[in-house]
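Here the structure comes first, spelled out in structure tokens, and everything after it is commentary.
So that the names make sense, note that chain A is the first sequence line, chain B the second, and so on, each numbered from 1.
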Protein chains: 2
Amino acid sequence: MAEGEEKKTKRGAGRPRRLDPETIVATARRIIEEEGVAALSMRRVAKEVGSTPMALYHYVRDKDELLLLTLAGVSAQFPRPELPADPRARLITAAVHMHQVLAQVPWVLKVLELGGLTDKQALWIAEEIIDSAMACGLSAGQAVATYRTIWYFVYGDLVFRASAARRAAEPDRKQHWPAMLTEEDAAELPRLTALAPRWEELQRYDIAEQLAAIVDGLLSRAGGAGRAAEREPGAQEPHM
Amino acid sequence: MAEGEEKKTKRGAGRPRRLDPETIVATARRIIEEEGVAALSMRRVAKEVGSTPMALYHYVRDKDELLLLTLAGVSAQFPRPELPADPRARLITAAVHMHQVLAQVPWVLKVLELGGLTDKQALWIAEEIIDSAMACGLSAGQAVATYRTIWYFVYGDLVFRASAARRAAEPDRKQHWPAMLTEEDAAELPRLTALAPRWEELQRYDIAEQLAAIVDGLLSRAGGAGRAAEREPGAQEPHM
DNA sequence: ACCTGAACACCGTTCAAGT
DNA sequence: ACCTGAACACCGTTCAAGT
């Protein structure tokens with residue numbers, strides 16, 4: 001057997017391991033996609049790959065690391081949209097795309113909460129948003145802050161979208177709002193009291209509209225129109 | 001014994017129950033405050049109130065309901081700030097206050113994700129934000145949407161603040177960004193590549209500043225200056 | 001190096017039984 | 001009505017041992 005000779009190559013044809021990281025991660029991802037993050041457990045993955053729970057710990061340090069690894073490649077499943085040339089429109093289009101993609105893979109939210117962005121193939125969205133913001137006259141610092149603000153907003157929207165959907169699926173659980181308002185609150189909370197009867201119709205919420213509005217506010221911070229990087233003290237121009 | 005006579009009063013002096021909902025909820029809240037939401041379990045609460053896990057299920061339908069009940073009264077611990085008269089400043093002040101209070105009770109975030117706002121004493125913040133937005137000329141629907149947008153943003157910021165803090169406490173876990181950028185990405189991701197070396201300094205992020213910017217954008221949607229409710233078709237004026 | 005098995009210290013919740 | 005005890009079907013992770 002040639003196994004001994006091939007041992008020095010870290011990942012050669014010889015010495016097939018019973019387990020390999022790709023299978024572990026792919027299995028974890030499948031479980032999450034089919035049954036949600038809550039269904040993922042080390043024991044479950046071990047069972048499905050035909051091994052024992054502790055064998056997995058040779059490939060990942062703990063469950064959180066496995067969770068983070070399931071992120072890789074997810075965004076590549078979605079086609080990259082054509083973006084408009086106008087930087088403001090481009091920024092909004094990229095942000096709406098980010099929202100729309102994540103709405104289709106809601107489990108990703110739970111994983112993103114654990115750590116940073118680990119899917120390299122999603123970085124183009126940050127690139128486009130930051131680049132658009134700078135093209136609109138923001139400094140690099142402002143552009144990065146703008147990206148964060150947009151991300152926080154998109155994330156928050158998606159979390160409560162999922163939360164509302166969960167609650168709607170369990171209608172016997174008591175809804176607290178606006179039912180909890182009583183007559184006595186009218187003096188303290190006049191607006192809410194007045195709006196309560198037509199609360200349903202007031203729930204219309206268009207993410208693209210909100211995004212356009214907040215982007216307007218964020219871009220209005222620009223010191224001058226267009227071309228910003230020059231104004232930034234110590235800014236290095238990106239090569240392009 | 002007078003117990004029989006007092007039985008019809010639902011909550012009289014007689015028939016002291018071994019368990020009562022207040023103690024259960026207070027114990028749950030104490031555990032969460034001291035050790036985080038992850039430390040809360042039905043078994044743990046039962047042990048601390050000197051009972052068995054299943055006894056709790058006579059007072060709450062499940063763990064989620066108990067979690068939701070821990071929210072009540074939390075916001076009352078924080079002094080209500082003086083708000084400026086100018087509606088735009090009032091909106092921003094209320095939003096910053098919401099952010100600042102929640103930053104001090106981070107466990108609340110996890111519970112809010114489960115359902116709606118259940119702490120009645122926090123409703124004044126929504127009241128002030130919606131009222132300010134309408135005073136700035138937004139329709140009721142726009143004002144409610146503005147509240148939601150601000151809430152999503154605040155929530156998102158707090159989640160990733162907590163997340164970054166957790167990651168910072170575990171420095172041996174690999175940080176993915178911007179270390180994962182390679183030379184080859186320079187062509188695809190020129191801005192990120194250019195910004196990567198000074199990523200640290202670009203992380204300055206002022207929540208009040210961002211809030212002010214997005215509020216500007218949201219309020220710029222107003223159809224006219226000032227006094228809005230009249231323009232709203234079918235709007236009922238709050239009594240005030 | 002890679003993997004197993006047993007064990008530790010837990011979970012939420014159902015069910016049947018007690019008072 | 002209120003509570004207990006046993007049981008079911010799970011968890012993540014440590015540790016010592018095997019090959």
Would you list the protein and nucleotides 13-16 of chain D atom pairs, both N or O, that sit under 3.5 Å from each other?
{"residue": "D:dT13", "atom": "OP2", "partner": "A:Tyr57", "partner atom": "OH", "Å": "2.7"}
{"residue": "D:dT13", "atom": "OP2", "partner": "A:Lys63", "partner atom": "N", "Å": "3.2"}

Once salt bridge (charged side-chain N to carboxylate O under 4.0 Å, His left out) is applied, do any residues pair with [X], and if so which ones, sequence neighbours excluded?
| X | result |
| --- | --- |
| A:Arg173 | A:Glu170, B:Asp62 |
| B:Lys110 | A:Glu113 |
| B:Arg167 | none |
| A:Arg161 | A:Asp157 |

- Within 6.0 Å of CD in A:Glu184, more than 12 heavy atoms from elsewhere: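 Not more than 12 within 6.0 Å, no.
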Counting heavy atoms not belonging to B:Gln104, are there more than 12 under 6.0 Å from its CD?
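Check passes, neighbour count above 12.
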Given Watson-Crick and G-U pairs under 3.5 Å, DNA chain C in dot-bracket ([ ] crossing, | other strand) is ||.|||||...|||||.||
So the side chain to side chain donor-acceptor pair (under 3.5 Å) pairs with at least one residue in residues 34-43 of chain A (sequence neighbours excluded) are A:Glu35-A:Arg44
Please state how far atom [atom1] in [X] lies from atom [atom2] in [N], giving the value in whole angstrom units.
| X | N | atom1 | atom2 | value |
| --- | --- | --- | --- | --- |
| B:Leu56 | C:dG12 | CG | P | 10 Å |
| B:His58 | D:dG5 | NE2 | C1' | 14 Å |
| B:Arg18 | D:dC2 | CZ | P | 13 Å |

> How far, in whole Å, is D:dC10 from C:dA9 if one measures between their P atoms?
Replying inline: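 About 23 Å, rounded to a whole number of Å.
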Extract all donor-acceptor atom pairs below 3.5 Å that involve side chains of residues 64-74 of chain A and protein atoms in other chains or at least two apart in sequence.
{"residue": "A:Glu65", "atom": "OE2", "partner": "A:Arg61", "partner atom": "N", "Å": "3.4"}
{"residue": "A:Thr70", "atom": "OG1", "partner": "A:Leu67", "partner atom": "O", "Å": "2.5"}

**Asked** Thinking salt bridges, do A:Glu188 and B:Arg80 make one under a 4.0 Å N-O criterion?
**Response** yes
Sorted by number, residues from residues 28-40 of chain B placing a heavy atom under 4.0 Å from DNA chain D are none
Worksheet item: What residues, two or more places apart in sequence or in another chain, satisfy ring pair (Phe, Tyr, Trp, His ring centres under 6.0 Å) together with B:His99?
Response: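 Once residues adjacent in sequence are excluded, B:His99 has no partner under the ring pair (Phe, Tyr, Trp, His ring centres under 6.0 Å) criterion.
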Original post:
OP1, OP2 of D:dC11 versus side-chain N and O of A:Arg44: anything below 4.0 Å?
Top reply: no
For B:Asp119 and B:Ser75, does a side-chain donor sit closer than 3.5 Å to a side-chain acceptor?
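Yes, B:Ser75 and B:Asp119 have a side-chain donor paired with an acceptor closer than 3.5 Å.
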Practice prompt. Evaluate the side-chain proximity of B:Asp185 to B:Leu192: yes if any heavy-atom separation is below 4.5 Å, no if none is.
Written response: no
Which of residues 45-52 of chain B sit near DNA chain C, with a heavy atom under 4.0 Å from it?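 Under 4.0 Å from DNA chain C: no residue of residues 45-52 of chain B.
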Solution key, residues 144-151 of chain B side-chain donor-acceptor pairs under 3.5 Å, sequence neighbours excluded:
{"residue": "B:Thr146", "atom": "OG1", "partner": "B:Gln142", "partner atom": "O", "Å": "2.9"}
{"residue": "B:Arg148", "atom": "NE", "partner": "B:Tyr152", "partner atom": "OH", "Å": "3.1"}
{"residue": "B:Arg148", "atom": "NH1", "partner": "A:Gln203", "partner atom": "O", "Å": "3.0"}
{"residue": "B:Arg148", "atom": "NH2", "partner": "B:Tyr152", "partner atom": "OH", "Å": "3.1"}
{"residue": "B:Thr149", "atom": "OG1", "partner": "A:Tyr205", "partner atom": "OH", "Å": "2.5"}
{"residue": "B:Thr149", "atom": "OG1", "partner": "A:Gln210", "partner atom": "NE2", "Å": "2.4"}
{"residue": "B:Thr149", "atom": "OG1", "partner": "B:Ala145", "partner atom": "O", "Å": "3.1"}

